[in-house]
Amino acid sequence: MRAAVRRAATAVAVLALLLTGCSGGAGDGRDADGTIRLRFQSLAWQKESVDANKQLVKEWNATHPDVQVEYVQGSWDSVHDQLLTSFEGGEAPDIIHDASDDLADFAYGGYLADLRPLLPTRLKADIPEQSWRTTTFGEGVHGVPFLQEPRVLIANTKLLKASGARIPTPERPWSWEEFRQVTKELTGKGRYGIAWPLKEPVSVTLNLGLSGGGQLFHRDGEGKAVLRFEPGDGVVTGTIHDQVNTDDSAARSALGMGGSDALPGFFGGKYAMLPLGFSYRQQIIQQAPEGFDWTVLPMPAGAGGAVQGVSPQTLSVAEESPHKKEAVAFIDFLLRPANMVRLARGDWMLPTGTEALADPSLRSAEHGWAVGTALAEGLRPAPAQSVRGYPEWKDKVATPAYQEFYSGAIDTDELSKRLVEDGNRVLARYQR
């Protein structure tokens, strides 16, 4: 009797599930009671940032019982391949944290939703157009840019003052020529004026190259991306090359390092300055010896002005998500000005939103926050932001070419030839 009852109950349950699936229930991310379940894959990794993200998810869930968000931890190290696999397998998270320079292939491949009809007016107006351009591919907007990181100079205050060099400000930065001269003056016995950690040289070179008037990536009459190496493209590359190979003011051994690798030498007085992403300030605070005095300076500027390229962190919605409207509503909540400030402080980066950027806590002189916010106006989309084929060009052509050039193995003519001739062959395959 009990077995018959159990079989009947099971049959009813199966039928209920089938009916729910047919009516758009469990099959579209809803529970049996109609609650919508969204997955938010975050790439936050610093404790402050992870805590801020998880707390915001908790606050959303407490006030939105009908739309519950699950926090999923991702990793910057593997995000591209992981997302590609999840897209192709139909298992993509609803809300996707990534960086704008990783979105092009996903956007053009149809994996990311066009957010234009879903974005609230407030959010659209709060983020500047130059930031929206970083997530615009073709006619669609495929992500919301929300955090960005300028590159700055971290300097040993004691050594800088002793050199007698003019202290640059965001309003009056060093020129690239003045910067080169200062690094010579900061160089002494057992000490280099600067170390360039260029384990991954491409984005650094392209983004800083804008200040020298360089662009490298251009569009022809048909709108196709083409590479041209013009005089402005040689300003930053030439400065770094000459510091390493002519002036001996930049440490050759640092060229293969990442930013974190160079910090011990900086703390030990081996390098007077380091060009690093703005978020490295947190590591410096955590790792610097007691009494070590450091300061944040703007990067040099050239004919292009006090500008540099950035690839902001982004929030996108999977095209396959059955609840795009609710996903965007969560993004809007996450990026309310006060919440965007919390995320920015958690990652030690700058918010893209103008209201959040005006928050007094991000304009303090302490730890260089004020220098960073002053640089925000000059941040531009990275030169290769929307170029299909960029990842292959970067890995197979540009990275080895820049590494050999900065080490002195090849000259400017050979660098230009490789970047342009070899590079245009790569891009052509993606633009047929």
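Taking the six-membered ring for Trp and the full ring otherwise, F330 and H323 have centroids separated by 6.0 Å or more. With ring centers used as reference points, Y271 lies 6.0 Å or more from W196. Aromatic ring centres of H80 and F106 lie closer together than 6.0 Å. No close placement of the Y71 and W60 rings is indicated, their centers lying 6.0 Å or farther apart.
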>> Quick one, I240 with L198, criterion side chain to side chain contact (heavy atoms under 4.5 Å, CB included). Give me CA distance, side-chain angles, the key distance, then yes/no.
In response: CA-CA 10 Å; I240 298 172; L198 291 176; 4.1 Å; yes

>> Run the side chain to side chain donor-acceptor pair (under 3.5 Å) test on Y111 and S316 for me, step by step, so that the C-alpha distance in whole Å, both residues' side-chain angles and the decisive distance to 0.1 Å come before the verdict.
In response: CA-CA 10 Å; Y111 295 121; S316 301; over 6 Å; no

>> Go through it in stages, so that I can follow the logic: the residues are R252 and N245, the test is side chain to side chain donor-acceptor pair (under 3.5 Å), and I'd like the CA-CA distance, side-chain angles, deciding distance and then a yes or no.
In response: CA-CA 8 Å; R252 182 182 302 274; N245 298 283; 3.1 Å; yes

> What's the verdict on side chain to side chain donor-acceptor pair (under 3.5 Å) for T314 and D98, showing C-alpha distance, side-chain angles and the deciding distance?
Replying inline: CA-CA 5 Å; T314 58; D98 203 351; 5.7 Å; no

>> Run E149 and S279 through side chain to side chain donor-acceptor pair (under 3.5 Å) and show every step you take.
In response: CA-CA 7 Å; E149 181 175 26; S279 65; 2.5 Å; yes

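A 4.5 Å side-chain heavy-atom check between F146 and I127 finds every atom pair outside the cut-off. A heavy-atom distance below 4.5 Å is found between the side chains of Y390 and V202. With contacts defined as side-chain heavy-atom distances shorter than 4.5 Å, the pair Y192/D248 qualifies. Inter-residue side-chain proximity for I154 and I284 is flagged as met; some heavy-atom pair is nearer than 4.5 Å. Put simply, the side chain of S86 reaches to within 4.5 Å of the side chain of Q82, judged on heavy atoms. Contact annotation: the side chain of E326 never approaches that of H64 to less than 4.5 Å [non-hydrogen atoms, C-beta and beyond]. Between T295 and L297, some side-chain heavy-atom pair lies under the 4.5 Å cut-off. The shortest side-chain heavy-atom distance between P93 and V72 does not fall under the 4.5 Å cut-off.
The two residues H97 and V79 come nearest to each other via the heavy atoms O-CG2, 4.3 Å. Across every non-hydrogen atom of L427 and A225, the tightest pair is CD1-O, 3.9 Å. For the pair L112 and F87, the tightest heavy-atom approach, listed with the atom from each and the gap, is CD2-CZ, 3.7 Å. Of all the heavy atoms in E319 and A113, the pair that sits closest is OE1-CA, 3.3 Å.
Other residues, nucleotides and ligands place more than 12 heavy atoms under 6.0 Å from the CD atom of Q73. The environment of CZ in R172 is sparse: at most 12 heavy-atom neighbours from other residues, nucleotides or ligands sit within 6.0 Å. Around NZ of K199, the count of heavy atoms belonging to other residues, nucleotides or ligands within 6.0 Å does not exceed 12. Applying the 6.0 Å contact sphere to CD of E404 captures more than 12 heavy atoms from other residues, nucleotides or ligands.
For the pair E414 and R418, the salt-bridge criterion is met [side-chain N within less than 4.0 Å of a carboxylate O]. Ionic pairing of K47 and D51 is present here: one or more N-O contacts between side-chain nitrogen and carboxylate oxygen are shorter than 4.0 angstrom. Taking 4.0 Å as the cut-off between side-chain N and carboxylate O, K394 and E200 do not count as a salt-bridged pair.
Side-chain polar atoms of W132 and T352 form no donor-acceptor pair below 3.5 angstrom.
The aromatic rings of Y108 and F137 sit perpendicular, their planes meeting at an angle over 60°, well past the 30° parallel limit.
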Identify each donor-acceptor pair in which a side-chain atom of residues 254-269 lies under 3.5 Å from a protein atom, sequence neighbours left out, and give them as a table.
| from | atom 1 | to | atom 2 | distance (Å) |
| --- | --- | --- | --- | --- |
| S260 | OG | Q283 | OE1 | 2.9 |
| S260 | OG | Q283 | NE2 | 3.3 |
| D261 | OD2 | G258 | N | 2.8 |

Side chains of residues 342-351: which donor-acceptor partners sit under 3.5 Å, not counting sequence neighbours?
| from | atom 1 | to | atom 2 | distance (Å) |
| --- | --- | --- | --- | --- |
| R342 | NH1 | E59 | OE1 | 3.3 |
| R342 | NH1 | N339 | OD1 | 3.3 |
| R342 | NH2 | E59 | OE2 | 3.0 |
| R345 | NH1 | S361 | O | 2.8 |
| D347 | OD2 | S49 | OG | 3.2 |
| W348 | NE1 | E48 | OE2 | 3.3 |

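Of the options V204, L210, L379, a side chain to side chain contact (heavy atoms under 4.5 Å, CB included) to Q308 is made by L379 and by none of the others.
Cation-pi check for R281 over F278 is met; the charged atom lies under 6.0 angstrom from the ring centroid and within 45 degrees of its normal.
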